[in-house]
Amino acid sequence: MINKLKLDKILMKVEKPARYIGMEKNSYKKDLNKVSVKIAFSFPDVYEVGMSHLGLQIIYNLINNEENYACERVFAPWVDMEEEMRKEGLPLYTLESKEEVKNFDLLAFTLQYEMSYTNILNILNLSHIPFKSKDRDDKYPILIAGGPCAYNPEPLAEIFDLFVIGEGEEIILELLKLYEEVKKGSLSKESFLLEATKISGVYVPKFYDVSYNEDGTIKEMYRLIDSVPNTVIKRYIKDLNSMYTPDKLLVPYIDTVHDRIALELFRGCTRGCRFCQAGIIYRPIREKSIDNLMEIVEMLINNTGYDTVSLMSLSSCDYSQLLLLTKELMEKYEDRNIALSLPSLRLDSFSIEVLKEIEKVKKSGLTFAPEAGSQRLRDVINKGVTEDDIVNAVTYAFKEGWSRVKLYFMIGLPTETDEDVMGIKDIAYLVKDIFFNRPNEEIKGNFKVTASASCFVPKPFTPFQWYGQDTINEFMRKISMVRNSIKDRKVVFNYHDADLSYIEAIFARGDRRLSELLIKAWEKGCKFDGWSEFFKYDLWLEALEESHVDGEFYANRYRELDEVFPWDFIDSGVSKEFLIREYKKAIHGKTTDDCRNGCRACGITNCSMRGVYN
Amino acid sequence: MIIRARFTKRNYLKYLSHLDLIRLFQRSFTAIKLPIKYSQGFNPHPKFSIAAPLSLGIESECEYMDIEITEYVKVDDFLESINKVLPDDIQITNALCLEKETSISAILTWAFYEIKFELNSKEEPKSLSSRIDEWLGSSEIILTRLKKKGKKKVATDINILPLIGNVIVKGCDENNYIVINTLLKTGQNGNIKPVQLMEAMSRDLDLNLDLDSLLIKRLALYAEEGKNIYSPL
């Protein structure tokens, strides 16, 4: 256990000390000496962000539900806390037992976004744990990682001992059970890793090596030991209704990003947007039943005291019985002043129906994501939204009293022309005209339309994985084109850092040669890269140069269809043929309909939604 | 009708801000389905108020709040259910169901604290005690406070002596920290924070204290009538 007097002294000096104390409602406090396996679980960002993650809540409760296992949390200390900890020589500790991270059997990270990778190194460093797998002997915890970015684990291959591909709650208990053998002494850590490869969905990078072609592309990834699998198949929960679902959630004391109940309606998505990685890797679509959801939500409300329930999914409006569900929820909980929120709204008439049902939603602002400015480009990315949809949705929203609209777009999508880019401005102005072209007496509220543009990052396991990202200059040219064309105070144009998206693109499709780059960047002081106020592009440029990594090779290069990708050894269930088919259709501006309206042969087997109509 | 409740704020939970504390009670009231009154308007919120909010980092054995309710509540049932959902370090220790009263914030005028601190010098508690008594015997103790006036912060000098009820040196604890008790004015008609007392004391008695390392605990809050002070519950 760490020195608590020191901790007290530090906590008086830092911002929001409640980030570092734990003790929240529904947190576990087990005697670490009395459990057989102890695992530290980390979301490598600041507390408020990490605690808003539903996956953490599931894994935390799943493991702690087992009497013999303890799971404790650790987040990235904010910069002021880090400074004080280093000054006092206080190592990083878990929130529950205030125990040093280093003393845990396993240390697990969830990889939600590439720009959190430097935070992982910072957490390791603050815990006095060496970065590289080969530099850690048996006295250090085994480092494991999972989450969406684990679908391309290679940039972190030298750092982690083991990756979990797919839905962690399906695998983690099997892993811990195997680890119990290590604790009993019947297995060494080394043989634990080898044994673990027999668990489907587990990838241990040190049992593989990679050879390269002269042009720097991968020639072959090969096994160093015959018994490990050639292909790692993702694991997923087959039946969401019978899966382990926590009946309680950790309730933070401080305000977090999502300070409410997250009720997961389903996993997967049938829309087939071509830029979206989640839409592929979470296939097949799996829904929870209304009865199941009503039962869960009652327990969650009583066990947390939250007064807002957020209906979570990749595209919540696609839940096949959404209207019925919202009606039942409203009927049951209206008297208790419990509000519903629907975070991912689609721009069609059905979503609006649902919105009408949830009258309690705050009418401050409404967010829509057309993603691209022109119909042609929306067809390319297969975002099934038309201009009519946008017109109808905002017309309705204004009539119902909303006056502020946010629109999300991407810049740098495949086949994009300047005309497409300028469509962003056109849509924003269209929305403004719809607001003001109404009878004067109907115009109420302080109108504002905000168009936000992010820079497109091609991701593995999407139809755009072959596509070369726009250069930073090209991004900036397009951005200033839109920015300079908007001359209306009621139309606000925001854009994301192109520099940051460039680094993100390098890691998204990177290979195992990037570990050095990452360590170099951390050494230079990079951390919290996802926070634009901390992102230091000049340091990243230095790190790229010093580690001899050609960033353009990873970010901007167009790949041949037969190129071997670093992530090719992972089977996401969706076939490469399907992705190629979709890529080709995209280039020709041809759309693919929602797969609830008919199977598109993506390669997923046993899909329960095959041909089910919405 | 109101419930007037006394509660604790101990250990690490002293790091909860006033706003965090309000949210905690809000969720806890929702969880036990307390018939709490909601404000009117577009964004209804439950009506309750915590008196004399603590600064971040101060523990307390004795905080008060008024909760407006729509119907009579059996206090024993309330205590039993609410303390089950509240954390161990924040527990309601006493409560009464009352008809409408003057608000608790309006009647509280004195706060009683325990303050522990580390002395750099090897000064004995006895000697410190007599130096403090002498200090409190001076004609005035001036402290410069920054007050917000619009957007600007203006420094004003005030005499804090009338805001200090007493300071008693209790001795040393097991970590060799000096322990004192002090009664300080609180509320709208004069208010001094324990850190401000220690700031002035450290300055005038050359104690050279690290004000971030003080261990402060509020032991009681009092109302007064004439010359008597009394506990409101």
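Chain naming here is simple, since letters A, B, ... match the order of the sequence lines and numbering starts at 1 in each.
Counting non-hydrogen atoms of other residues, nucleotides and ligands closer than 6.0 Å to NZ of Lys13(A) gives a total above 12. Within a 6.0 Å radius of CD in Glu442(A), other residues, nucleotides and ligands contribute more than 12 heavy atoms. Atom CD of Glu83(A) is surrounded by 12 or fewer heavy atoms from other residues, nucleotides or ligands within 6.0 Å. Other residues, nucleotides and ligands place no more than 12 heavy atoms under 6.0 Å from the CD atom of Glu80(B). Under a cut-off of 6.0 angstrom, the local environment of CE in Met1(A) is sparse, with at most 12 non-hydrogen atoms contributed by other residues, nucleotides or ligands. The environment of NZ in Lys170(B) is sparse: at most 12 heavy-atom neighbours from other residues, nucleotides or ligands sit within 6.0 Å. Around NZ of Lys37(B), the count of heavy atoms belonging to other residues, nucleotides or ligands within 6.0 Å does not exceed 12. Around CD of Glu295(A), the count of heavy atoms belonging to other residues, nucleotides or ligands within 6.0 Å does not exceed 12.
Tyr253(A) OH to Leu16(B) CG: the interatomic distance, rounded to the nearest 0.5 Å, is 6.0 Å. Between the CD atom in Glu15(A) and the CG atom in Leu56(B) there is a gap of 11.0 Å [rounded to 0.5 Å]. Summarising the geometry, atom CD belonging to Glu118(B) is positioned 8.5 Å from atom CG belonging to Leu5(A); distances are rounded to the nearest 0.5 Å.
In terms of the ring-ring contact (aromatic ring centres under 6.0 Å, His included) criterion, His258(A) has no residue partners (sequence neighbours excluded).
Within residues 60-74 of chain B, no residue approaches chain A closer than 4.5 Å by heavy atoms. Annotation: residues 18-28 of chain A contacts chain B through Ala18(A), Ile21(A), Met23(A), Lys25(A) [non-hydrogen atoms, separation under 4.5 Å]. By a heavy-atom distance cut of under 4.5 Å, Val251(A), Pro252(A) are the residues of residues 245-252 of chain A near chain B, going up by number.
Considering all non-hydrogen atoms of both residues, Arg23(B) and Ile254(A) come closest at NH2-C, 3.4 Å. Taking each heavy atom of Gly305(A) and Ala31(B) in turn, the nearest pair found is CA-CB, 3.9 Å. A pairwise comparison of heavy atoms in Asn302(A) and Lys33(B) identifies OD1-CE, 4.0 Å as the closest pair.
Only the side chain of Asp210(B) comes within contact range of chain A, judged by heavy atoms closer than 4.5 Å. Contacts of Phe29(B) with chain A are absent, with no heavy-atom separation under 4.5 Å from either backbone or side chain. With a 4.5 Å cut-off on non-hydrogen atoms, Asp88(B) does not touch chain A at all. In this structure, the portions of Asp8(A) lying under 4.5 Å from any heavy atom of chain B include both its backbone and its side chain.
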side-chain contact (heavy atoms from CB on, under 4.5 Å) for Arg27(B) and Tyr306(A)? Distances and angles first, verdict last.
CA-CA 6 Å; Arg27(B) 287 191 303 264; Tyr306(A) 276 132; 3.9 Å; yes
Any chance you could lay out the side-chain contact (heavy atoms from CB on, under 4.5 Å) test for Leu11(A) and Tyr12(B), step after step, and finish with the verdict?
CA-CA 10 Å; Leu11(A) 290 178; Tyr12(B) 283 114; 4.1 Å; yes
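When each of Leu215(B), Asp212(B), Thr30(B) is scored by its heavy-atom pairs under 4.5 Å with chain A, the top score falls to Asp212(B). Looking only at heavy-atom pairs under 4.5 Å with chain A, the residue among Leu19(B), Leu13(B), Leu24(B) that has the most is Leu13(B).
At least one cation-pi condition fails for Lys16(A) and Tyr15(B): the charged atom is not both under 6.0 angstrom from the six-membered ring centre and inside a 45 degree cone around its axis.
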